[in-house]
Each structure stands twice: as structure tokens, then as C-alpha cells.
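Step one of this worksheet: look at the structure below.
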Amino acid sequence: MSALVSFEQYYMIVAISILSDRGYQLQSDADADSLHDGSESLHDDSEVEDDDDDDDDDLFEYEAEERSSQSAEDESECNLEEARDLSEVETADLKRAEQSKKAFHGGRRYALPTALLLDSDDDSQPLRVRRVDKSRTRDRDELAAVEEVFGQARGSLARWLSRKSVLDHITRLFLSFLSQKRNSEGKLLYEERIRNMCIDQKQSLQVDLREMWADPSLQHVCEWLHACPRVVLPALNQAAKEAVLRQYTMYADTHSKILVRCEAVDSLVSISDLRCSHSSTLVKFEGTVTKRDRQVHQLQVLQVTCLCCGFSLEPFAQAADRPSRPKRCPHCQSRGPFELDQCHTVFENSQTIRVQENSSSVKAGRQARQIAVILQDELVNSVKPGENVIITGIPGSMYARGPDVQSIQFYRSVEALHVVKTQDTSSYFFLTEADKAEMQRLAAGPDIVDKIVKSIAPSIYGHPLIKKGMAATLFGGEPKKVDGKHSIRGDIHMLLMGDPGTAKSQFLKYAQTVTQRNVYVTGQGASSVGLTACVQLDKVTKEWSLQGGAMVVADQGVCLIDEFDKMSDKDRLGIHEPMEQQTVSVSKAGIKAVLRARCTVVAAANPVGGRYDPSRTLMENVNLTDPIVSRFDMVAVVRDKPDPVADEKLADHVVDVHMRSHPDCPQGADNSKQHDLNIMPQETLRKYIAYAKETVHPTLRDEDSGKVQMAYVMARAAAEKSNAVPFVPRSLDAMIRIAEASAKMRLREYVDEKDCDMGISLVLESFVSCQNMRTQKTLRRQFARFLHPGQEYNALILHKLQEASSRLELRLPRTEAHGAMFMKCSELQAEVEELGVTVEAEFYKSRDFVASHFAWEEREAVITWSKGLNQ
């Protein structure tokens with residue numbers, strides 16, 4: 001029996017030594033004591049044992065003992081059968097003895113310490129499973145501790161967020177949000193979005209951060225997303241993937257990852273204001289796409305095979321800034337060659353665009369800045385040059401090899417997370433309810449059109465027709481699509497033509513200040529590709545990229561071209577398509593694209609020889625072709641004619657502007673002349689234009705279209721008879737567009753007779769001014785009722801009478817303050833002859849004639865008045 005005991009103690013010591021080498025520990029002090037006692041008895045009783053015996057000898061002795069113990073069990077069973085006749089007490093003693101023997105032999109595992117048992121009394125799971133359970137219990141305890149201090153970051157925020165327990169908690173919270181968020185109708189909001197995403201076979205899930213911010217449990221997550229998006233986004237993507245797989249378990253075969261797309265809730269940041277402090281944070285900025293590179297495949301996971309031994313190497317995860325490649329084969333230790341495994345290598349779509357900040361947000365004296373934006377996955381090819389976008393992304397930096405081999409150049413870039421197109425960058429999006437109510441109040445006034453016209457370039461004196469045309473240009477017409485194929489532009493083009501020093505360039509500069517999106521170019525510095533689009537070779541990627549020109553960048557804005565006559569015919573030929581079709585077609589260097597150029601063109605040109613000759617037509621005065629002139633809806637001819645009355649008023653206005661604009665002039669000083677003009681504040685005018693263009697879409701009614709048709713037919717016939725400049729069919733479209741612009745000025749959803757009159761008068765005035773002086777007189781007499789619509793002839797005659805009386809008064813010495821003046825009625829009739837009006841006796845008896853301090857001597861047929869009283 002002592003030998004068996006010694007063997008058992010030896011077996012336990014060998015087993016414990018093996019387990020201790022593998023990192024296991026004893027569970028109780030009793031086990032250690034039993035092993036200690038066993039080791040002492042082993043050294044006392046088994047002197048023949050040696051510490052240097054091999055494990056094979058121990059196993060052989062163990063098998064021999066097993067066979068002997070099995071035979072002993074069989075013998076004990078026989079002894080029990082032979083002893084059936086013994087007394088009950090002796091039988092019970094024998095059973096207890098046999099059970100004790102089984103504890104030593106057959107049930108040897110119950111005699112082992114607890115640390116050696118595979119199954120315990122309180123747990124029937126294997127040891128490995130129990131270790132996993134303990135690890136899970138430890139993770140749950142750590143997660144509970146994270147929940148207690150969630151929102152209280154310790155130390156570095158990025159390092160604290162990188163903890164697995166924190167990321168797991170963020171994933172669990174966001175998954176709960178996706179599974180429980182409901183819309184106003186009580187339906188699961190993101191369940192429907194996930195369904196639509198899967199139907200379209202996409203991998204981008206749109207998430208509204210404002211909805212997340214409304215959830216108290218996710219407010220800290222939103223803050224951390226803006227502070228450390230590179231750490232938080234993978235956790236959100238994992239939660240989105242789990243939410244998708246709950247609905248569609250096989251969707252992982254279509255897309256291996258789901259990307260969360262969200263727009264930052266912070267305010268817009270200007271591109272020029274981006275600093276190093278914004279790096280690796282979530283920012284949102286607005287701009288215009290000026291350049292778009294080709295789509296490329298960016299390597300994400302590299303899988304190669306060694307051609308020497310055929311061993312397939314483990315995948316290499318690629319970093320965006322530093323790609324990694326295998327140097328040696330781990331199987332044969334060779335340096336290659338290696339073959340790319342196309343089946344297991346993972347690529348990602350990538351594209352780089354250039355975004356330029358809008359001219360309206362650029363401060364005075366600064367240049368519009370640009371920044372490179374990287375589009376990935378489904379954002380590739382989502383925008384085109386010329387489109388205005390709001391981008392949410394993560395700023396960083398990119399590097400490229402410099403001219404020197406050892407030099408590296410870094411430049412700013414943004415990894416786009418969310419891209420949304422905007423229709424207009426106007427201030428309409430910043431209008432409050434009070435501003436909208438003010439717009440409606442202004443539109444209710446009867447003289448809103450006159451107020452808008454007077455507010456256009458208030459520092460420039462005179463030119464009422466140009467200001468009215470400029471107002472129509474800023475408001476614009478309504479674009480249309482015929483049968484979903486052919487499109488009719490709604491933008492109104494205007495050409496300013498005339499003598500030098502007549503404020504043509506000043507009108508262009510004013511349009512640049514009042515519009516939110518514009519591009520200003522000059523004829524000498526502009527070319528065809530500079531105005532439309534060009535294809536450039538990128539120095540870094542060696543790829544051809546498409547870059548939009550001025551008209552593409554000014555999409556849904558205004559393109560201002562000064563010195564239009566200085567452009568060559570070849571360069572002007574390139575803008576024929578964008579002016580009428582409002583598109584730019586490019587087919588160069590293997591790139592075929594159609595860009596949008598939905599912009600208004602306002603150009604200024606000087607006549608040949610410096611001054612405009614009224615005895616010649618417009619085509620003879622300027623070096624422009626008929627196709628380019630016909631694309632302008634209005635042509636305003638400005639002449640510098642000496643006029644004593646007009647010159648005195650002009651001088652008075654210019655001196656007044658200089659006095660009011662002086663730095664030492666008090667800002668709050670009252671000016672009666674400025675008040676009498678009833679001019680709208682420029683900021684209010686900008687808001688009014690933006691509000692009208694965004695909310696009002698007028699339509700032409702049948703009862704008002706007849707007048708437009710009649711004016712077009714009469715103009716065509718008159719041009720044919722007088723051998724004048726042709727009246728082209730495009731002029732009919734111009735009449736309708738200007739009428740729609742007039743309706744927008746009144747914030748009306750339909751075009752009425754007054755709007756049609758304004759469109760007809762501006763187009764016919766443009767047509768008449770293009771003729772020579774002789775033809776102009778004929779056409780003005782014929783189109784008198786169209787050129788001066790809605791005005792009574794008495795008002796026109798009175799206006800001519802006041803102008804004639806002012807010229808007569810200027811001829812007298814200034815020393816005579818007052819005196820009797822007179823003019824013959826025949827002279828007044830000659831003044832109004834060009835209007836095609838006859839002065840009747842009712843005019844001399846009208847209330848307006850008497851109120852203007854005029855008197856009519858019927859017998860002498862003269863008009864009398866006192867000097868200075870009729871002003």
C-alpha cells in the first residue's frame with residue numbers, strides 16, 4: 001500500500017510541474033500542503049527513484065500500475081461475491097474498503113488537487129471555456145466601470161477613446177440608436193433607410209447628427225466625433241454594419257463594410273481660415289468645385305504569392321501615407337519575385353477634386369483659396385466642376401516629391417465624409433422670418449419696381465434704361481425644359497456698348513458687389529479655355545484632369561466680362577455654347593464631359609475708334625459678329641452727349657457723392673437728396689433679390705401672351721422695311737424672360753400686362769438703339785406706344801416741356817433771379833415729334849400743366865412761366 005501511495009504522490013508532482021510550466025496555479029493552500037507532504041514521502045520511501053529519469057519510464061510504470069489496479073478491482077469484486085454469507089457488519093466494512101481502493105485506483109482524479117481537475121463540482125464546462133467566461137466577466141466589469149465614467153475622458157482624449165471598452169460602449173449606444181429611433185409617424189427611421197440603402201446596393205448610411213444630439217446618451221459621442229473622428233468613426237461603422245446584418249444577413253457578401261455619412265453640426269468654416277488646429281477634426285466648409293481628377297484605385301489590402309515556392313503571404317494592410325510591401329518570403333526566405341493575387345487584394349475607389357471658396361466670402365484684398373478634397377467609395381464622381389458644394393470632412397495633409405529627389409512638399413487636403421450640393425449660395429438661406437415679412441411688405445408697395453431700379457448703382461447718375469435692364473438681369477427669368485429634352489435658359493445676358501467714361505465698368509463692379517456668386521474677368525486676360533474649361537496634366541499623379549473656367553465656376557451666378565471687344569474672334573467663339581445652351585462640352589486627352597455654365601453674362605465693350613458714331617449701326621461701330629450679339633438679350637448703347645441741363649445735374653450729383661463719401665463726413669448726417677431718391681439699402685436689396693429668385697417662379701398667361709406676339713411681329717416687319725439690323729427670334733425669348741423678371745420684382749407668381757410691357761419696351765429699346773440715327777427716328781415714332789408703356793401722353797409732353805424750359809433758362813444770365821419766360825407751342829410740338837405724339841388743347845388745360853406753374857396763351861399760341869418756379 002505504501003508503494004501505491006508513493007506512486008500517487010509522484011504522479012501528482014509530475015502533473016503539477018507540467019501545469020505550472022504552462023502558467024497554471026494552485027487554487028487552495030490545502031493542495032499545496034498535500035503536494036508538499038507527498039514530495040517528502042516520495043523522497044523518504046522511494047530511494048531507488050532518480051530525478052534524472054526520463055518521461056518514457058514514468059509512463060511505462062504508470063501503465064503497469066493501471067493494469068495492476070484493474071486486476072485488483074476484478075479480484076475485489078470476486079471477493080465480494082464470495083463473502084455474501086458474512087454478517088451485515090462485515091459486509092459494510094468490505095464495501096467501504098473497496099470504495100477507498102477505488103478512490104486510489106479507478107477514481108484517481110478525485111484524489112488530485114483542485115487545480116488539476118478538468119471538471120469541478122460547481123461547473124461542468126472545460127477549463128478553456130471557463131477562462132473565456134472569466135474574460136467576458138472581466139470585460140463586463142470593465143464596461144460597467146466605463147459606463148459610470150462615460151463622458152469624463154481621462155488624459156488624452158484620442159488615447160482614452162482608443163480603449164476597447166470605450167469603443168465597444170460607443171458601438172452599443174449607436175446600435176441602440178439605429179434600432180430604436182422613430183420618425184414623426186412612429187415608424188423606425190433607420191430601418192427604412194437601411195432598406196432603401198440595400199435596395200440600391202449602396203454602402204453609405206446617412207445619419208443626422210442633430211437627431212443624435214437630441215439623444216442624451218449620444219451627446220458625448222457627437223462631441224467626440226467632432227474632436228476625434230478617425231477614432232470614433234470605425235465604431236459607428238461597426239454598429240451600422242451590425243444593424244444592416246440584422247435585417248439582411250447576407251449583405252456582407254455585397255459590401256464588406258458600411259460607412260456612416262453625416263454632416264457636421266458646427267458652423268461653416270472658410271477655406272482660408274483652416275489652420276493646423278483643425279487637423280484630424282470634423283469641419284464643414286462651402287466652396288465651388290474648380291477641378292476634378294480621374295478616378296483611381298487606391299490599394300487597401302495587398303495579397304501576394306511567392307513565385308519561388310508558391311507560398312501565399314499574409315495580407316498587408318496599406319496605410320494612406322506609407323504603402324508597405326513584402327521584403328522576404330517567410331517560407332523560403334527569398335526576396336521574390338512576388339505575384340499580385342488579384343482575387344484577394346482589396347482596392348478602393350478614390351478621386352481628388354479642388355474646391356475654391358466663393359468670392360462672396362473672400363475678404364477685400366484677399367485671394368480666393370483652394371484646397372484638395374479626397375473623395376472615396378460612393379462619393380467618387382458625385383460632383384462636377386462648377387457645382388457649389390458643402391463638404392464635411394477631416395483635414396489633413398498630403399505630400400509629393402519636390403523638384404529635388406530628397407525634398408518632400410506637403411499641402412493641405414481634406415478627406416471628405418459627406419458632400420451635399422447647394423443650388424445657390426445667396427443670402428436667402430440666412431433670412432429670418434422678420435426678413436421674409438419685410439420682403440413681403442416691400443413687394444406690396446405700388447412703386448416697388450421703381451424703388452429697385454433707383455437702388456441699382458445709386459452712386460451713378462442717370463442711365464435709367466441701363467439700371468432697369470441691370471435689375472432685370474439680376475432677378476433673371478425662369479428656366480424651362482421642353483419635353484424633358486430641350487432646355488430654355490432663364491438667365492438674361494446684357495451688353496453695355498458706348499463711349500468711354502460712361503460708367504460701363506462701374507456697372508460691372510456694382511454687379512460684382514450685389515451678387516453672391518460672380519466671376520470678374522477682362523477681355524485681354526481671358527481666353528476661350530479660361531472662360532469655359534481646360535484639361536491639365538497633374539504633376540504629381542501624371543494624370544489628365546479637368547478644370548472649369550470662369551463661366552463654369554460662375555454657375556448659377558454672374559460672369560462679368562470687361563473689355564469684351566478686346567477678345568479675339570477665336571476666344572469669343574468658345575463662349576457661344578455656354579451663353580445659349582449653358583453647357584461646356586469637353587473632349588480632350590481622352591476626357592469627355594459636359595459641364596454646366598448656368599450663368600448670366602454682363603459684358604462691356606468700347607466702339608471702334610474710341611467713340612460711338614450715331615450715323616452707323618452697332619455692327620459697324622464694334623468689332624463683334626452677329627451670332628455673339630444676338631445672344632445678348634439687351635444691348636444698351638451709352639452715348640456721351642453734351643447737354644447743359646444734364647451736365648449741371650451730373651456735376652451736382654458727383655460733388656454730392658464726393659462730399660458724402662469723405663472719411664471726415666459724419667455717418668449719421670441727414671441728406672435730403674438721398675432721402676428723396678427713395679433708395680433701398682443695399683443689404684436689403686441683396687436679400688430681396690435672393691428671396692425672389694428662390695421663392696418666386698412666375699408663369700406667362702394666355703391673355704398676356706398676345707401682346708408679346710404682336711410686338712414681335714411688328715418689330716420683324718419694321719426691320720425688314722427699313723433695312724435695319726435684323727430682329728432675331730431670340731428677341732422673343734428675351735421679352736418673355738424680362739417679363740418674368742419683372743414679375744419676380746413684384747413677388748408675383750404670374751406675369752401680367754405691366755410685366756409684358758416692361759419686357760417689350762426694354763427689348764425694343766435695345767433693338768432701336770442698334771440702328772443708325774435716321775432709322776432710330778422712324779422706329780421710335782412707330783413703336784412709341786411700346787417704348788413708353790403705361791404712361792399717359794400728357795406726362796410725356798410735360799416732361800419734354802420741363803426739359804425745354806430748363807435749357808432756355810440756362811441761356812439767361814444768372815444775375816436775373818426771376819423773370820417771365822415764354823416758348824412757342826410749335827417748339828413744344830417739335831420736341832415731342834419723335835414720340836409720335838400730337839399736343840392737344842386738353843394738355844394745356846390739364847391739372848399737371850397748371851401745377852407745374854405753366855400758363856397757356858391760346859391766342860398767341862405760346863407758353864409762359866416764371867424763371868425757377870417750374871422746377
Side-chain angles (χ1 to χ4, degrees), residues 360 422-460 463-479 490-492 510-518 556-558 600 660 667-701 704 736-759 761-762 789-791 795:
S360 59
T422 57
Q423 296 297 327
D424 193 5
T425 59
S426 61
S427 59
Y428 165 73
F429 299 99
F430 308 102
L431 292 181
T432 62
E433 294 298 330
D435 294 334
K436 297 178 182 179
E438 178 66 16
M439 302 300 108
Q440 294 292 338
R441 187 190 65 81
L442 291 173
D447 58 343
I448 180 61
V449 176
D450 295 336
K451 184 180 293 186
I452 292 175
V453 172
K454 291 179 180 179
S455 302
I456 298 295
S459 62
I460 301 176
H463 306 297
L465 292 177
I466 296 180
K467 292 185 178 182
K468 185 177 292 187
M470 187 69 69
T473 300
L474 296 177
F475 280 86
E478 191 66 22
D491 297 298
I492 300 174
Y510 173 79
Q512 186 180 14
T513 59
V514 78
T515 55
Q516 296 292 327
R517 188 173 185 181
N518 55 77
Q556 293 187 343
V558 180
T600 297
R660 287 188 290 106
Q667 297 293 331
D670 187 19
N671 193 304
S672 59
K673 297 181 180 180
Q674 184 76 5
H675 177 72
D676 293 341
L677 290 175
N678 196 16
I679 294 176
M680 186 185 302
Q682 294 302 301
E683 184 63 26
T684 304
L685 179 62
R686 294 190 192 98
K687 294 180 179 180
Y688 193 91
I689 294 174
Y691 180 76
K693 294 180 67 175
E694 186 67 25
T695 60
V696 182
H697 307 283
T699 58
L700 181 64
R701 299 183 299 185
D704 300 319
I736 298 175
R737 280 191 284 265
I738 296 175
E740 293 172 346
S742 177
K744 287 185 178 181
M745 295 182 194
R746 297 179 172 90
L747 299 184
R748 202 168 44 230
E749 292 293 341
Y750 60 90
V751 177
D752 63 357
E753 185 178 359
K754 292 183 179 180
D755 302 327
C756 293
D757 291 340
M758 180 176 175
S761 63
L762 288 179
Q791 297 183 10

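All values below come from the heavy atoms of this structure, side chains included, with hydrogens, waters and symmetry mates left out. Heads up: numbering here begins at 1 and tracks the sequence.
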**OP:** Would you sort out whether Met439 and Thr684 count as a side chain to side chain contact (heavy atoms under 4.5 Å, CB included), showing the intermediate values?
**Re:** CA-CA 9 Å; Met439 302 300 108; Thr684 304; 4.0 Å; yes

Looking only at non-hydrogen atoms, find the nearest pair between [X] and [Y] and report the distance.
X	Y	result
Arg686	Glu683	NH1-OE1, 2.9 Å
Thr515	Leu474	CG2-CD2, 3.6 Å
Lys687	Asp435	NZ-OD2, 3.5 Å
His697	Glu478	ND1-OE2, 3.0 Å
Ile492	Gly476	CD1-CA, 4.1 Å
Ala743	Val751	CB-CG2, 4.2 Å

Using a 3.5 Å cut-off and no angle test, enumerate the donor-acceptor pairs between side-chain atoms of residues 441-452 and protein atoms at least two apart in sequence or in another chain.
unit_1 : atom_1 : unit_2 : atom_2 : d
Arg441 : NE     : Glu438 : OE1    : 3.2
Arg441 : NE     : Glu438 : OE2    : 3.4
Arg441 : NH2    : Glu438 : OE2    : 2.5

Could you work out, with side chain to side chain donor-acceptor pair (under 3.5 Å) as the rule, every residue matching [X], not counting sequence neighbours?
X	value
Asp752	Arg748
Ser742	Arg746, Asp755
Gln682	Tyr510

Original post:
Rounded to the nearest 0.5 Å, what separation is found between the CE atom of Met745 and the CD1 atom of Ile689?
Top reply: 8.5 Å

**OP:** Take Cys756 and Leu700 through the side chain to side chain contact (heavy atoms under 4.5 Å, CB included) test and state the conclusion after the steps.
**Re:** CA-CA 9 Å; Cys756 293; Leu700 181 64; 4.1 Å; yes

Subject >> side chain to side chain contact (heavy atoms under 4.5 Å, CB included) partners for Glu753, two or more places apart >> reply: Asp704, Lys707, Asp757

Subject >> Qualifying residues under side chain to side chain contact (heavy atoms under 4.5 Å, CB included), relative to Gln440, sequence neighbours excluded >> reply: Tyr691, Leu747

**OP:** Test Leu685 against Ile456 for side chain to side chain contact (heavy atoms under 4.5 Å, CB included), laying out the working first.
**Re:** CA-CA 9 Å; Leu685 179 62; Ile456 298 295; 4.1 Å; yes

